[in-house]
Amino acid sequence: MPLTPDDKPQTHPQDHLQSVPQLQVQDQAQLADPWLQHQAQDHCQIQAQHTQPLTHSHSTSCTLISSKTGLAEAVKDHYEEEAEASTYEAGRTDESFLIQKPATRAKLEARVDSLQGTNPGQPSGLLFRDGKKRIDYILVYKKSSPLVEKRVTFERNLRAEGLMLEKEPSLTNTDIMFVKIHAPWDTLCKYAEQMNIRMPFRFMSNIHNSWLPRNPMKLDKEALPDLEETDCYTAPFSRARMHHFTINNRHTFFSNSTRSRIVHHVLQRTKYEDGKSKMGINRLLGNGTYEAAFPPHEGGYKSRHPIKTHGAQNHRHLLYERWARWGMWYKYQPLDLIRRYFGEKIGLYFAWLGWYTGMLIPAALVGLLVFLYGFLTMDTSQVSKEICETINLFSTVFLEFWKRRRAELTYDWDLIDWEEEEENLRPQFEAKYSRLERVNPISGKPEPFQPFTDKLSRLMVSVSGIFFMISLVLTAVFAVVVFRLIAMEKFASFDWEFVKKNWQFATSGTGVCINFMIIMSLNVVYEKVAYLLTNLEHPRTESEWENSFALKMFLFQFVNLNSSTFYIAFFLGRFAGRPGKYNKLFNRWRLEECHPSGCLIDLCLQMGVIMVLKQIWNNFMELGYPLLQNWWSRRKIKQTEREERTRGGQNVENKVQLPQWDKDWNLQPMNAHGLVDEYLEMVLQFGFTTIFVAAFPLAPLLALLNNIIEIRLDAYKFVTQWRRPMPARATDIGIWYGILEGIGVLAVITNAFVIAITSDYIPRFVYAFRYGPCVDKEYHHEKCLQGYMNSSLSVFDMGVRWNVSEEQSRYCRYRDYRASPWSPVPYDFTLQFWHVLAARLAFIIVFEHLVFGIKSFIAYLIPDMPKSLCDRMRREKYLMQEMMYEAELEHLQKERKKNGRRYHHEWP
């Protein structure tokens with residue numbers, strides 16, 4: 001068994017002062033780099049002047065270095081720590097410490113070139129200087145930062161936890177220093193056991209049986225030749241039972257994402273000062289001690305040679321070739337590889353996005369057929385509107401089948417038994433409530449807590465802010481309504497005959513464009529307000545902060561995006577009045593009415609324009625903006641290098657290959673809100689696709705086309721334009737599933753109102769069965785609607801008000817159910833109006849109950865976990881017990897053979 005960091009022999013501080021110079025003398029002749037020799041000599045001088053070591057754990061790590069490279073690294077890092085600490089304590093800043101001299105920079109570049117030349121087969125910038133230790137994490141800080149003491153203490157404690165550190169200055173910025181972190185085998189094993197990470201079990205024979213269903217999204221070995229086999233049973237890692245696991249190679253047993261997750265776990269729990277809450281890399285990033293912290297990418301994503309003949313250089317290159325390229329738009333996503341490289345949380349996002357896109361295909365086909373049928377029949381049939389009702393069930397089927405898909409992914413990715421770790425408290429929460437403590441029921445340790453009264457008061461203020469912002473949205477909608485009224489008058493009296501003839505379409509089109517500009521402008525304000533209100537609540541953990549922020553962003557943008565649509569669907573033309581008694585806004589502008597063909601035309605135009613323009617804008621901001629930022633960063637780097645080489649008299653064409661950490665530092669970081677923006681865009685689109693689908697059947701088709709592009713845009717962004725995010729674990733899509741369920745319920749109610757109130761389905765139905773020519777007859781067909789238009793128009797006498805003579809056209813018709821001017825009660829609502837109103841209300845109640853009943857029945861029929869998956873889980877549990885019994889018996893028999901004892905076949 002390898003020694004763990006806790007089992008290593010301890011060394012006294014006095015021995016440390018003697019051992020380091022002795023090792024230095026023995027290995028000084030072997031150090032090939034004069035720069036490292038100089039650092040080692042200075043290190044010996046500093047150690048001789050000090051009577052006490054910095055920390056006992058650091059002296060132990062120094063004495064255990066045996067190789068010449070490890071000694072040089074420790075000497076150099078220790079010297080830098082001493083220099084930084086002495087500079088900080090003296091309270092002065094040395095220019096030579098902050099700005100690197102050209103001569104030193106030239107030596108450094110030469111040393112980087114020599115290291116790259118000695119390891120031509122290794123990726124640039126992925127290993128320590130010895131060419132053996134893999135870089136698992138990168139920390140970035142500025143030399144000019146005054147917070148030296150915190151950083152030095154933090155890095156010492158990292159070494160005490162078993163991590164190995166190595167520093168490297170940036171080749172593009174003289175003020176930037178990189179700290180490369182490597183987790184040795186013993187440290188990985190120690191924390192893998194603490195974190196309960198599941199690893200491949202050794203016995204894999206007869207695991208995959210032919211009767212087990214094959215996952216259609218499973219990676220193809222022929223398409224992805226460099227991906228190792230992952231279809232095997234796993235078990236929680238244990239150092240005591242290490243012989244049970246498949247450890248063919250210690251360097252590849254833990255994947256890169258697992259290694260980065262372990263290092264991140266250590267970074268989150270390492271102290272930088274004395275105190276209960278003075279720990280974690282997040283706090284150091286927040287106070288400016290470090291500029292960034294990220295795991296490195298696995299090399300470049302492009303190659304001069306084709307992947308089919310030469311294979312993939314690394315997983316990043318493989319992801320680019322098989323996932324992020326536009327030519328892969330029709331292919332399945334390599335979800336296992338995405339999960340391996342970016343972690344389960346990002347893998348679940350792309351799995352959900354791909355599943356949602358696939359479920360849009362049947363909805364898009366139905367919507368396209370409905371649109372084409374309605375376009376060809378020109379409202380001569382009601383079949384198209386009846387078919388739209390079936391699309392309301394799309395949200396239910398999508399969510400129920402997604403739960404099954406998620407269950408399969410959590411099983412394949414070993415997340416069934418995974419429990420989310422207890423999160424650290426947010427620094428803002430601890431700083432606010434540090435004086436109030438109570439015992440955590442999970443950890444059993446005292447921690448700050450927020451009193452209920454304080455939490456309630458802050459929540460009320462936050463809710464008040466939400467309602468205020470919603471009222472601001474309604475004010476913007478009212479402003480758009482006023483603009484439409486003014487534009488209606490102008491277009492109706494326009495000089496251009498074409499505009500004057502189509503003034504209603506011109507009014508709707510300009511109103512939609514202005515509304516879109518207001519929507520995109522308010523989105524910027526909403527993000528800042530949501531951020532402010534969420535911080536005002538002081539959430540306890542980062543996940544609580546993210547859920548609260550996501551809910552506010554959804555409410556703000558959902559109301560902002562759909563308020564004008566709801567106005568057109570349910571309020572436009574409802575309060576305009578009648579001829580002779582029109583309602584006017586501010587006693588000046590007459591309220592707008594729907595087109596004579598109905599309000600569905602305006603609603604369809606509103607949804608189509610907003611949906612198309614918003615998708616174009618979002619795609620530009622997701623890809624175009626990071627591309628411009630990265631291009632500008634590369635341009636500044638090239639310009640700086642050109643100026644430095646010109647001043648130094650070097651050839652401008654002689655370029656230095658940047659190491660991977662420098663390349664990653666110049667990429668854009670993943671946005672601070674994580675996947676909130678990605679989910680938010682798709683959830684808002686889901687609402688557009690389901691809520692008003694009866695009015696805009698092409699919405700699923702537009703969403704499908706957008707998502708096909710969206711998947712490749714996000715893939716390209718994650719692989720090429722962003723730094724590699726920390727591989728996080730998750731078992732579901734979080735709060736977004738509840739939001740999707742809420743949208744599904746709202747979609748049923750909204751479509752019921754659209755069909756009953758906005759469309760002419762109910763008035764035609766009432767006419768056909770109560771007032772049409774087919775009343776009291778046994779057959780019903782299109783001829784039953786003859787005379788419907790005449791019955792839906794009322795008569796107005798213009799002679800009384802405008803003194804129109806009998807010779808002129810005295811009467812006009814308008815859409816309403818009102819009595820004639822010569823009736824006993826002129827212009828009163830007719831009996832047909834009340835019949836239509838009663839039928840509309842009855843339809844809404846029956847439709848909602850029917851659809852909700854069908855939704856519940858579908859949810860009951862579709863189990864959350866497939867039966868085949870349940871059988872696989874039971875079989876895995878059974879085989880796992882058998883394999884552990886056989887492995888333990890085999891291990892004990894080998895031990896008895898080794899000790900020369902007799903053994904039996906029965907269980908000892």
Assess the side chains of [X] and [Y]: does a donor N or O sit below 3.5 Å from an acceptor N or O?
X	Y	value
Tyr433	Gln450	yes
Tyr272	Glu155	no
Arg340	Asn256	no

So how far is it from His264 NE2 to Arg269 CZ, rounded to the nearest 0.5 Å?
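Interatomic distance, His264 NE2 to Arg269 CZ, rounded to 0.5 Å: 8.0 Å.
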Quick one: SG on Cys189 to CZ on Phe245, what's the gap to the nearest 0.5 Å?
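The distance works out to 10.0 Å.
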Sub-6.0 Å ring centroid separation between Phe294 and Trp722:
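No.
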Give a yes or no answer on whether the side chain of [X] reaches the backbone of [Y] with a donor-acceptor pair at less than 3.5 Å.
X	Y	result
Ser170	Met177	no
Arg729	Glu344	no
Ser462	Arg458	no

Tell me, do Leu456 and Thr453 make a side-chain contact under 4.5 Å, heavy atoms counted?
no
Can you find a heavy atom in the side chain of Glu149 that is under 4.5 Å from one in the side chain of Val152?
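Glu149 vs Val152: side chains apart.
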Least distance between heavy atoms, Thr720 atom then Leu667 atom
O-CD2, 3.6 Å
Determine the sole option in Leu165, Ile135, Leu139, Asp136 for which the side-chain contact (heavy atoms from CB on, under 4.5 Å) test with Lys180 is passed.
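When side-chain contact (heavy atoms from CB on, under 4.5 Å) is applied between Lys180 and each of Leu165, Ile135, Leu139, Asp136, only Ile135 qualifies.
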Would you find more than 12 non-hydrogen atoms of other residues, nucleotides or ligands less than 6.0 Å from Lys455 atom NZ?
no
